[in-house]
2 protein chains.
Amino acid sequence: MRPLFHPAPEDLQTSAILHALADPNRAAIFANIMRAGCVEACSALSAVGDRVIPKSSLSNHFKVLREAGLIRSERHGVEMRNHARWAEVEARFPGLLVSILNAYAGEGPRMEDGAAERPPAPIPPDNGSSV
Amino acid sequence: MRPLFHPAPEDLQTSAILHALADPNRAAIFANIMRAGCVEACSALSAVGDRVIPKSSLSNHFKVLREAGLIRSERHGVEMRNHARWAEVEARFPGLLVSILNAYAGEGPRMEDGAAERPPAPIPPDNGSSV
DNA sequence: TTCGGAAGTTCCGAACTTCCGAACTATGGG
DNA sequence: CCCATAGTTCGGAAGTTCGGAACTTCCGAA
């Protein structure tokens, strides 16, 4: 399998980040990873609300998040460990992630009516997800 | 021509806003409207950098921005007057627009290498663009 | 070592979206 | 009325996304 590509912090692009987070499924996945700081296994997130996301779509969602620079994924045995690259993105685009996640959290049960059933996470954890 | 559709403030959706602004051309158009508060004529914005955007594409970009609730368009004679709906969006999603525009402005001459040739507008004008 | 299962990726066709030229529709002026 | 101007709609080509089936990789058990 091709080694995973992660953009350098200075290569982060606003348009890629917005595009990645413009999909409610991906935003929900990312919000989960932010909340947890690190999530093991893509399949841990294979449902948004009550809708099951097929493996291939999930794999693609993770790829989009990864290539936008929002998460860092590393193989750990048979599964994937995904970290939010919160600190790096925040350093380059201050306030961007917080306001986007807040916007989704504050928008009511609309986000594919599933991502708002769990408690909103307005302020992300500041655990050092950088590196 | 069909009367123009504008979503109500409570119908604004984060995903639609992010999708609208994920396109660098549209983001540049929107940044211009924000900077000016109000822009007359779509064709006033028909070039981003040195690239000319065809009329039909422009019309579509304006439609996407309008239907995301980012701008309000009204016919004024033969041309269109476009206002940023800054106050309404800000009221519902505080900080969102500012951090997105800041992200683009701070990203260097990359945004289709044209939108950064003019001075960045980190903080939007607070002229009452609501209504 | 070999088998089997679990986790992800790749492939590829169907469905959807975006782009842009050409034709069309409003609006105002002469 | 006719023309010019400013935008919109149509429609086809090109590109993107979605998801099922098949494939790869890794690990534990026999």
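Proteins come first, then strands; the chains are lettered A, B, ... in the order of their sequence lines, and each starts at number 1. Worth knowing before you read on, the calculation uses all heavy atoms, side chains too, and leaves out hydrogens, waters and symmetry mates.
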- Message: Could you identify the nucleotide paired to D:dA30, looking across every strand shown and requiring Watson-Crick or G-U wobble geometry with both distances under 3.5 Å?
- Response: C:dT1

- Query: CD of B:E74 versus P of C:dT27: gap in Å, rounded?
  - Reply: 14 Å

- Message: Tell me the interatomic distance from A:L58, atom CG, to D:dA21, atom P, rounded to whole angstroms.
- Response: 17 Å

- Message: Under a plain distance cut-off of 3.5 Å, with no hydrogens placed, do B:R81 and B:H76 share a side-chain donor-acceptor pair?
- Response: yes

- Taking for each residue the nucleotide of DNA chain D bearing the nearest heavy atom, is the 5' side occupied by A:V64 or by B:N60? B:N60

- Regarding the side chain of A:S56, the nearest nucleotide among C:dC20, C:dT10, D:dC18 is C:dT10

- For C:dT18, does OP1 or OP2 lie under 4.0 Å from any side-chain N or O of B:H19? yes

- Item | Selected nucleotide, minimal atom distance to A:R26 side chain, candidates C:dT9, D:dT8, D:dC18 | D:dC18

- DNA chain D nearest-nucleotide lookup for A:H61 and B:V78: closer to the 5′ end is B:V78

- Task: Ignoring the backbone of B:L4, work out which of C:dA7, C:dG8, D:dT8 is nearest its side chain.
- Result: D:dT8

- Item | B:E67 CD - D:dT8 C1' separation (whole Å) | 13 Å

- Task: Please check the phosphate of D:dT8 (OP1 and OP2 only) for any side-chain N or O of B:R66 closer than 4.0 Å.
- Result: yes

- Item | Donor-acceptor pair between A:R72 and A:H83 side chains, under 3.5 angstrom | no

- Query: Heavy-atom distance under 4.5 Å between the side chains of B:M34 and B:L101, does that happen here?
  - Reply: yes

- Taking CZ from A:F62 and C1' from C:dT10, how many angstroms apart are they, rounded to a whole number? 17 Å

- May I ask you to test the B:I100-B:L18 pair for a side-chain heavy-atom distance under 4.5 Å? yes

- Item | Who pairs with C:dA6 - Watson-Crick or G-U, where each distance is under 3.5 Å | D:dT25

- Can you tell me if the side-chain N/O atoms of B:S57 get under 4.0 Å from OP1 or OP2 in C:dC19? no

- In whole angstroms, how far is the C1' atom of C:dT10 from the CZ atom of A:F5? 19 Å

- Message: How many whole angstroms separate atom CD of A:E79 from atom P of D:dC27?
- Response: 11 Å

- Query: What is the distance from CG of B:N82 to P of D:dG7, rounded to the nearest Å?
  - Reply: 8 Å

- Could you please name the option among C:dT9, D:dC18, D:dT8 that lies closest to any side-chain atom of A:K55? C:dT9

- Task: Report yes if at least one side-chain N or O of B:S59 is closer than 4.0 Å to OP1 or OP2 of D:dT8; otherwise report no.
- Result: yes

- Message: Let's see if you can work this out: which of D:dG7, D:dG20, C:dC19 has an atom nearest to the side-chain heavy atoms of A:P54?
- Response: D:dG20

- Minimal non-hydrogen separation, A:F30 against A:L65, with atom names: CB-CD2, 4.2 Å

- For B:R81 and D:dG7, what is the distance between atoms CZ and P respectively, to the nearest whole Å? 11 Å

- Any chance you could measure A:E107, atom CD, to B:S15, atom OG, to the nearest 0.5 Å? 6.5 Å

- Task: May I ask you to say what A:H76 touches in the nucleic acid, namely base, sugar-phosphate or nothing, with a heavy-atom cut-off under 4.0 Å?
- Result: nothing

